[in-house]
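These numbers come from the heavy atoms of this one structure, side chains and all, not from hydrogens, waters or symmetry mates.
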Amino acid sequence: QVQLVESGGGLVQTGGSLRLSCAASGGTSSIYAMGWFRQAPGKEREFVATISWGGDTTYYADSVKGRFTISRDNAKNTVYLQMNSLKPEDTAVYYCNGARGGTSTIKAGLGDYWGQGTQVTVSS
């Protein structure tokens, strides 16, 4: 059974940086595209970024483009989200998502596996 475990969240000031990690275990050969979503209080979960299995294709939400970078290390079964120039509006619980399909599956919110989330809080 696939498990995704996020880490790296925390409290940071505006303009700061954080790097989130998502480690996959159990049946990882079934995971192709991976991505990140976030959910702020009182809001719906929204897409943040996704990356293909080979890492050659990435997509970002407009709100994070140029500030966030998604990457992956398949040898470690881990995907990362480097977040720079953080803003208070980036405050949310960040969720890792894995799919048996491609990046379009992630973008559509139809990924098969979810982590439990990690809190990111950006203070003004």
Side-chain angles (χ1 to χ4, degrees):
Q1 184 175 355
V2 174
Q3 286 190 317
L4 303 178
V5 178
E6 303 96 336
S7 61
L11 174 65
V12 65
Q13 292 185 332
T14 297
S17 298
L18 283 174
R19 188 175 84 152
L20 305 184
S21 299
C22 171
S25 61
T28 56
S29 62
S30 66
I31 300 176
Y32 285 86
M34 296 194 73
W36 291 92
F37 284 73
R38 67 186 181 185
Q39 187 168 20
K43 295 187 177 181
E44 293 187 353
R45 189 175 299 188
E46 64 174 0
F47 166 78
V48 174
T50 183
I51 186 168
S52 60
W53 188 89
D56 54 323
T57 300
T58 58
Y59 294 101
Y60 297 91
D62 288 343
S63 59
V64 306
K65 204 171 292 183
R67 300 188 297 122
F68 291 11
T69 302
I70 188 170
S71 60
R72 66 190 294 168
D73 183 339
N74 290 334
K76 296 182 178 179
N77 294 317
T78 300
V79 64
Y80 305 97
L81 186 67
Q82 178 66 44
M83 306 186 295
N84 298 329
S85 302
L86 283 162
K87 306 174 182 180
E89 50 263 46
D90 294 318
T91 295
V93 177
Y94 283 71
Y95 296 91
C96 180
N97 185 219
R100 293 193 290 261
T103 53
S104 59
T105 303
I106 297 286
K107 289 169 63 180
L110 298 176
D112 303 276
Y113 313 108
W114 291 92
Q116 291 190 325
T118 184
Q119 176 71 46
V120 171
T121 303
V122 184
S123 64
S124 57

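Residue Thr118 holds its OG1 atom at 9.0 Å from CG of Leu18, rounded to the nearest 0.5 Å. In this structure, CZ in Arg45 is found 4.5 Å from CH2 in Trp114, a value given to the nearest 0.5 Å. In this structure, CZ on Arg19 lies 11.5 Å from CE on Met83, to the nearest 0.5 angstrom. Note: Glu6 CD to Cys22 SG = 5.5 Å, rounded to the nearest 0.5 Å. Summarising the geometry, atom OG belonging to Ser7 is positioned 15.0 Å from atom OH belonging to Tyr94; distances are rounded to the nearest 0.5 Å. Note: Cys96 SG to Tyr80 OH = 11.5 Å, rounded to the nearest 0.5 Å.
Around the CD atom of Gln116, the shell of radius 6.0 Å holds no more than 12 heavy atoms that belong to other residues, nucleotides or ligands. When the shell of 6.0 Å around CD of Gln3 is examined, it contains 12 or fewer heavy atoms from other residues, nucleotides or ligands.
In this structure, Ser21 and Lys76 have side chains that are not in contact, with every pair of non-hydrogen atoms separated by 4.5 Å or more.
Put simply, Leu86 and Phe37 are part of two different groups of oily side chains (I, L, V, M, F, W, Y) that touch within less than 4.5 Å, one to the next. In the hydrophobic clustering of this structure, Leu4 does not group with Trp53; members are Ile, Leu, Val, Met, Phe, Trp, Tyr whose side-chain heavy atoms approach within less than 4.5 Å, directly or through other members. Criterion: ILVMFWY side-chain heavy atoms under 4.5 Å apart, direct or through other members. Under it, Ile106 and Leu81 are not part of a common hydrophobic cluster. Follow the hydrophobic side-chain contacts under 4.5 Å out from Val79 and you reach Val64 in the same cluster.
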Problem set entry | Audit row: Phe68, Asp90, side-chain contact (heavy atoms from CB on, under 4.5 Å) steps and yes/no | CA-CA 11 Å; Phe68 291 11; Asp90 294 318; 3.9 Å; yes
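Between the side chain of Thr14 and the main chain of Ser123, a donor-acceptor pair closer than 3.5 Å is present. In this structure a side-chain-to-backbone donor-acceptor pair under 3.5 Å is present from Thr91 to Val122. The backbone N or O of Ile70 lies less than 3.5 Å from a partner atom in the side chain of Tyr60, making a donor-acceptor pair. Between the side chain of Asn97 and the backbone N or O of Tyr113 there is at least one donor-acceptor pair closer than 3.5 Å. Thr50 places a side-chain N or O within 3.5 Å of a backbone atom of Met34 that can act as its donor or acceptor partner.
Listed by chain and residue number, Asp112 satisfy the salt bridge (Lys or Arg N to Asp or Glu O under 4.0 Å) test with Arg100 (two or more places apart in sequence, or in another chain). Considering only residues two or more places apart in sequence or on other chains, Asp62 meets the salt bridge (Lys or Arg N to Asp or Glu O under 4.0 Å) condition with Lys65.
Shortest non-hydrogen contact noted between Asn84 and Ser17 is OD1-OG, 2.9 Å. Residue Trp36 comes nearest to Leu20 through the heavy atom pair CH2-CB, 3.7 Å, listed as atom of the first residue, atom of the second, then distance. Smallest separation of non-hydrogen atoms from Ala99 and Gly111: CB-CA, 3.9 Å. The two residues Gly117 and Val93 make their nearest non-hydrogen contact at CA-CG1, 3.8 Å. In terms of heavy atoms, Ser52 sits closest to Thr103 at N-CG2, 3.5 Å.
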